[in-house]
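Comments concern the structure below.
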Amino acid sequence: MPSLLLPCPLDLTSTLLGGQSFSWNPLPRSRFAGWIGPHPVQLHLHHESIHWDNSALSSSQIHHYFSLDLNLSSLLQPHLPTNPHLATAIQLHPGLRPLRENPWECLVNFICSSLKQITHIRQIHARLRSTFGGPNQSFPSPARLAEAGELSLRKCALGYRAKHLAATAQILSQEPHRLEIPSSWSTEQAAQHFEQLPGVGPKISRCVLLYSYGRLDAFPVDVWVDRLLRQLYFPKKRKPFRLAHLETWSQKQFGPFRGLAQLLLFHWFRTSTPHSRPRP
DNA sequence: GGTTGACCTGCGCA
DNA sequence: CTGCGCAGGTCAA
């Protein structure tokens, strides 16, 4: 049973179920079953180490998946004094980590995420694996989902998202290199590159960059971020935000690691007591 | 260039 | 049991 001594706190529940990945299922005794890349695996923490049951996964793969190379609080340190909310979020959830999810899997998840709650995205994800997945229910390739087509994708309860997913799968099955992002590209460039794909807009492109490419300056704005920014930073604002404005604002407010700020604030806001949040 | 509807489905709640 | 509102957005007019 391989294991790895953790260099920092790790909260598996908030990290694996908080809306970055959708392939994990909680088991009794605080274990989690899911996949890292093509490898099915069960995880659990014990004595400040993480243990896993699939020896096909190396320590460095686990290390990479949970971004254990990053010291989150020191990255955000310069912006904590001016952001008490962020300081609170990091204090309450010190073990929440940014994942480095498989890019294709992540892209599919977020194409399916439109107007869906986390629990339902997880259901769709599970159906895609069980219906179209390979051995060990590994996540279906672009070619496999392209071959499946819109109609059979709709049978996985994707609704209108099926059309976008089928089209994107078709494109990526023929041009797999479009998932490769040169490190010389800016995050903004990479986002525009992904937005060429059907069903991928500014929100999803940035989710994929943040949750699977480790682009910590990607700042996805969804309805939750919209709500928390309104409540915590712009209590008087009524009109809708301009995305371009939020891009520069978040840069100034949270710095080059503003994606981490998004991750922490998003999780804190979503899990805080309902009466402290605005009524939808 | 910014606005406005349409778009599937499943769940919670009256 | 039936109906209605709503939910990690994107696209096209």
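Chain letters run A, B, ... following the sequence lines, proteins first, then strands; residues in each count from 1.
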Among [options], the nucleotide that comes nearest once only the side chain of [X] is considered:
X      : options               : answer
A:Q123 : B:dT9, C:dG9, B:dC11  : B:dC11
A:I204 : B:dC11, C:dT10, C:dA7 : C:dT10
A:R127 : C:dT10, B:dG10, C:dA7 : B:dG10
A:A157 : B:dG10, B:dC7, B:dG2  : B:dG10

### Query
Taking atom types as they are modelled, is there a donor-acceptor pair under 3.5 Å from the base of C:dT10 to the side chain of A:K203?
no

### Task
Quick one: do A:R206 and A:Q262 satisfy side chain to side chain contact (heavy atoms under 4.5 Å, CB included)? Show the steps, please.
CA-CA 11 Å; A:R206 283 159 181 80; A:Q262 189 269 12; over 6 Å; no

### Query
Same hydrophobic cluster for A:F139 and A:L158, using side-chain heavy-atom links shorter than 4.5 Å among ILVMFWY?
yes

### Query
When clusters are formed by joining ILVMFWY residues with side-chain heavy atoms under 4.5 Å apart, either directly or through shared neighbours, do A:I124 and A:L115 land in the same one?
no

### Query
Which is it for A:F194 and A:L209 under the side chain to side chain contact (heavy atoms under 4.5 Å, CB included) test, yes or no, and what are the steps along the way?
CA-CA 9 Å; A:F194 284 134; A:L209 285 164; 3.8 Å; yes

Nearest whole angstrom, please: distance from the [atom2] of [N] to the [atom1] of [X].
X      : N      : atom1 : atom2 : result
A:L158 : C:dG9  : CG    : C1'   : 14 Å
A:Q192 : C:dT10 : CD    : C1'   : 16 Å
A:L107 : C:dT10 : CG    : C1'   : 13 Å
A:I124 : B:dC8  : CD1   : P     : 14 Å
A:R154 : B:dT9  : CZ    : P     : 6 Å
A:F194 : C:dG9  : CZ    : C1'   : 17 Å
A:D226 : C:dT10 : CG    : P     : 13 Å
A:F22  : C:dA7  : CZ    : C1'   : 13 Å

### Task
Using a strict cut-off of less than 4.0 Å between a Lys/Arg side-chain nitrogen and an Asp/Glu carboxylate oxygen, indicate whether A:D53 and A:R31 qualify as a salt bridge.
no

Atom pairs, protein N/O to nucleotides 11-13 of chain C N/O, distance under 3.5 Å:
unit_1, atom_1, unit_2, atom_2, d
C:dC11, OP1, A:G199, N, 3.0

### Message
If the test is ring pair (Phe, Tyr, Trp, His ring centres under 6.0 Å), which one of A:F219, A:F241, A:F234 qualifies with A:W249?
### Response
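Checked A:F219, A:F241, A:F234 against A:W249; only one passes ring pair (Phe, Tyr, Trp, His ring centres under 6.0 Å): A:F234.
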
### Task
Write out the stems for DNA chain B, ordered by first number and formatted as range with range, counting runs of at least 3 consecutive Watson-Crick or G-U wobble pairs under 3.5 Å.
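Stem list for DNA chain B: B:3-7 with C:9-13, B:9-14 with C:2-7.
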
### Query
Which residue lies toward the 5' end of DNA chain B, A:H120 or A:L115, if each is placed at its nearest nucleotide?
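Final value for this comparison: A:L115.
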
### Query
Do the side-chain N and O atoms of A:T187 and A:Y213 include a donor-acceptor pair separated by under 3.5 angstrom?
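No - no donor-acceptor pair under 3.5 Å links their side chains.
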
### Query
For A:R258 and A:Q251, does a side-chain donor sit closer than 3.5 Å to a side-chain acceptor?
yes

### Any donor-acceptor pair under 3.5 Å from A:T131 side chain to A:L128 backbone
no

#### Entry: Qualifying residue for side-chain hydrogen bond (donor to acceptor under 3.5 Å, both in side chains) with A:Q192, from A:E195, A:E188, A:Q189
A:E188

### Message
Please confirm whether the shortest side-chain N or O distance from A:R161 to OP1 or OP2 of C:dT10 is below 4.0 Å.
### Response
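No, outside the criterion.
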
### Query
Does C:dA7 have OP1 or OP2 sitting under 4.0 Å from an N or O in the side chain of A:R227?
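So the side chain of A:R227 is within the cut-off, an N or O lying under 4.0 Å from OP1 or OP2 of C:dA7.
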
### Query
Heavy atoms under 4.0 Å, any strand shown: does A:E150 hit a base, just sugar-phosphate, or nothing?
nothing

### Task
With P as the reference atom in both, quote the distance from B:dC8 to C:dA13 in angstrom, rounded to an integer.
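Roughly 15 Å separates the two P atoms.
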
